[in-house]
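Contents: one structure, followed by commentary.
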Amino acid sequence: MVSTDRLVAFAAMSFLLIVVPGPSVLFVIGRALAQGRRAALTTVVGNTLGAYVLVVAVAFGIGAVVERSAVVFLALKLAGAAYLIHLGVRAIRQRHALRAAFGGVAEVAHGRLRTLGEGFAVGVTNPKTIVFFAAVLPQFVDRAQGHVVAQMLLLGLVFNLIAVACDSVWGLAAAGARDWFARSPGRLAAVGGVGGLTMIGLGVTVAATGRKD
């Protein structure tokens, strides 16, 4: 199966991606600010389920094609790296608009199932996660060990466990500090700027690393 060094490396890269506030994190924080801890945590669960659907899709479809073709792998990796850099640049340019994202969630009570479903929709359509799984996940599979699909599913599980922990922290922090965020829009802009730089760094890393065959 997956070696310890590959697992640790993948976990580290996953953490770098997950801590950057993207669509899922913004949605979780928006729910926390508008509706509190329960809605935030339910949204986290929905996001995670949606993200794992992407893992399964890559493991049984796109991932198999990428794993067999060095040309497809290179094209997808470079496209993914370029898109990550694009997201980073856009996040930096739009960092002052983050406060609007937080303020745009209506203060309406949602049923738990509906909240779960909306979180799932955000998770399964998150472009940052799609690019990461399609372009990065196959790099950490050890083809010599076989069981490529199982390795991808295991790596995807590691990603999602980290995501649950990190997104829950974001949600709980936002729910417990609504007034703190509201009083200082500049803090939100700083979060967006740092997140954009991290995304650019991740894109450069994806472009510069990977299999050579």
Side-chain angles (χ1 to χ4, degrees), residues 1-28 40-70 72-81 83-84 87 116-171 195 198-199 201-203 205-207 209-211:
M1 293 298 288
V2 184
S3 62
T4 302
D5 58 337
R6 286 174 183 259
L7 199 61
V8 171
F10 179 78
M13 184 168 280
S14 297
F15 179 77
L16 287 176
L17 181 82
I18 290 167
V19 295
V20 176
S24 293
V25 170
L26 290 177
F27 192 68
V28 169
L41 294 178
T42 302
T43 301
V44 169
V45 174
N47 278 336
T48 303
L49 292 174
Y52 203 72
V53 167
L54 296 177
V55 173
V56 173
V58 169
F60 286 96
I62 298 174
V65 175
V66 173
E67 187 271 334
R68 289 194 298 265
S69 174
V72 173
F73 172 82
L74 179 62
L76 185 58
K77 183 181 74 167
L78 293 179
Y83 190 68
L84 286 169
L87 288 178
L116 183 72
E118 290 175 350
F120 177 88
V122 172
V124 81
T125 58
N126 186 344
K128 188 173 72 171
T129 308
I130 293 171
V131 169
F132 183 80
F133 286 151
V136 178
L137 186 60
Q139 296 187 47
F140 291 88
V141 172
D142 187 349
R143 290 170 290 159
Q145 297 294 325
H147 305 289
V148 171
V149 170
Q151 289 187 57
M152 287 188 181
L153 293 177
L154 175 60
L155 291 169
L157 181 61
V158 170
F159 178 96
N160 279 279
L161 289 175
I162 296 172
V164 166
C166 291
D167 291 359
S168 295
V169 169
W170 275 108
T198 304
M199 189 78 69
L202 182 59
T205 300
V206 169
T209 59
R211 82 191 206 208

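Owing to the predicted nature of the structure, the values given are computational and were not obtained by experimental measurement. Throughout, numbering of the chain's residues begins at 1 and tracks the sequence.
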Taken to the nearest 0.5 Å, the spacing of Leu49 CG from Leu116 CG works out to 6.0 Å

State, yes or no, whether a side-chain contact exists between Phe140 and Met13 at a heavy-atom distance under 4.5 Å.
-> yes

Q. How about Phe132 and Phe159: are their ring centroids closer than 6.0 Å?
A. yes

Inset, instruction - Would you check if the side chain of Tyr52 reaches a backbone N or O of Asn47 as a donor-acceptor pair within less than 3.5 Å? - result: no

Distance col, row Asp167:CG vs Ile162:CD1, nearest 0.5 angstrom, shows 11.0 Å

The reported gap from CZ in Phe10 to CD in Gln139 (rounded to nearest 0.5 angstrom) is 10.0 Å

Contact between Val58 and Leu54 at the side-chain level, heavy atoms closer than 4.5 Å - yes or no? no

OG1 (Thr129) and CG (Leu137) are apart, to the nearest 0.5 Å, by 12.0 Å

*asked:* Quick one, Thr43 and Glu118 - any side-chain contact, counting heavy atoms below 4.5 Å?
replied: no

ask   = Considering only heavy atoms from C-beta outward, does the side chain of Thr48 approach that of Phe120 to under 4.5 Å?
value = no

When every non-hydrogen atom of Ile18 is compared with those of Cys166, the smallest separation belongs to CG2-CB, 3.6 Å

**Report entry** Heavy-atom side-chain proximity of Leu41 to Ser168 below 4.5 angstrom
**Finding:** yes

Minimal heavy-atom distance between Arg6 and Val141, with the atoms involved, is NH1-O, 3.2 Å

Of all heavy-atom pairs linking Ala40 and Gly171, the shortest is CB-CA, 4.1 Å

